[in-house]
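Have a look at the structure below before the remarks.
If you read the sequence from its start, that first residue is 1, and numbering goes on from there.
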Amino acid sequence: MYKEGENKRLFGKLCYLHRQMCRENNQLFTEYGVTPVQMHALIFIHKSVKAGQRVCQKDVEKQINLRPSSVSTLISNLEKDGFLVRTVSDGDARSKYLELTEKGKYVCIKDKLFMDSCDSAIQNALTEEEQEVFEKLLQKIIDKITV
């Protein structure tokens, strides 16, 4: 095993796992011509709308923490590529809500299926007890580093 005081490089293993899963997920993005940030925006819009919420550009800005000009370009590109549409608010013509097209919904569903397969791979590698311990340990790390 490890000698006392030896660096176990757990961070390196976490990074390796993250890179590998991102690499596979990025293939999905490339297949549909979507960047990871665009996918993040699409998923946020998809989940919000499914929860009965209307989404405008400001909501996306807050969620993905980008400047308004960057989000404006991102939304314009997604609209141009047929992933979403902007609809004008009934009460305020300046407010535009974002809605996914069938193409946008399809990509979100494909991404969810990929995430489900990643979860299955992790679950298949660990017993139920190990999964519970793993989840608790991950949360403990998250809590410690996000103070």
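Residues in residues 106-118 take part in these salt bridge (charged side-chain N to carboxylate O under 4.0 Å, His left out) pairs, two or more places apart or across chains: Lys112-Asp116. Applying the salt bridge (charged side-chain N to carboxylate O under 4.0 Å, His left out) test to pairs two or more places apart or on separate chains, those with a residue in residues 97-109 are Glu102-Lys105. Residue pairs meeting the salt bridge (charged side-chain N to carboxylate O under 4.0 Å, His left out) criterion with at least one member in residues 59-83, sequence neighbours excluded, are Glu79-Arg86.
Rounding to the nearest 0.5 angstrom, the gap separating the NE2 atom in His40 from the CG atom in Leu66 is 9.0 Å. Atom CE of Met115 and atom SG of Cys108 lie 11.0 Å apart (nearest 0.5 Å). Going from atom CG of Asn65 over to atom OG of Ser70 covers 10.5 Å, rounded to the nearest 0.5 Å. Considering NZ of Lys50 and CD1 of Ile45, their distance stands at 14.5 Å, rounded to 0.5 Å. Within the model, atoms NE2 of His46 and CE of Met39 stand 8.5 Å from one another, a figure rounded to the nearest 0.5 Å.
Closest of all the heavy-atom pairs between Ala41 and Val60 is CB-CG1, 4.0 Å. The two residues Val49 and Leu98 come nearest to each other via the heavy atoms CG2-O, 4.3 Å.
Apart from Ile109 itself, the hydrophobic cluster it occupies contains Leu113, where clustering links Ile, Leu, Val, Met, Phe, Trp and Tyr at side-chain heavy-atom distances under 4.5 Å. Cluster note: Val133 groups with Leu137 through ILVMFWY side-chain heavy atoms spaced under 4.5 Å, whether in direct contact or through intervening members.
The main-chain N or O of Gly82 is found under 3.5 Å from a side-chain atom of Thr101 such that the two form a donor-acceptor pair.
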| CA sep, side-chain torsions, deciding dist, call: Thr87, Arg54, side chain to side chain contact (heavy atoms under 4.5 Å, CB included) | CA-CA 10 Å; Thr87 58; Arg54 299 193 84 184; 4.0 Å; yes
| task | Just do the side chain to side chain contact (heavy atoms under 4.5 Å, CB included) check on Val107 and Phe83 with the steps written out, would you? | result | CA-CA 9 Å; Val107 171; Phe83 291 102; 3.5 Å; yes
| query | Going through the checks in order, is the side chain to side chain contact (heavy atoms under 4.5 Å, CB included) test met by Ser72 and Gln57? | reply | CA-CA 7 Å; Ser72 180; Gln57 180 174 325; 3.6 Å; yes
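Under the side-chain contact (heavy atoms from CB on, under 4.5 Å) criterion, Gln139 pairs with Ile142, Asp143, not counting sequence neighbours. Applying the side-chain contact (heavy atoms from CB on, under 4.5 Å) test to Gln38 and every residue at least two apart in sequence or in another chain returns Val34, Thr35, Leu74, Asn77, Leu78. Checked against side-chain contact (heavy atoms from CB on, under 4.5 Å), Leu126 has the following partners two or more places apart in sequence or in another chain: Ile122, Glu130, Gln131, Phe134.
Residues Val85 and Tyr97 do not share a hydrophobic cluster, clusters being chains of Ile/Leu/Val/Met/Phe/Trp/Tyr side chains in contact below 4.5 Å.
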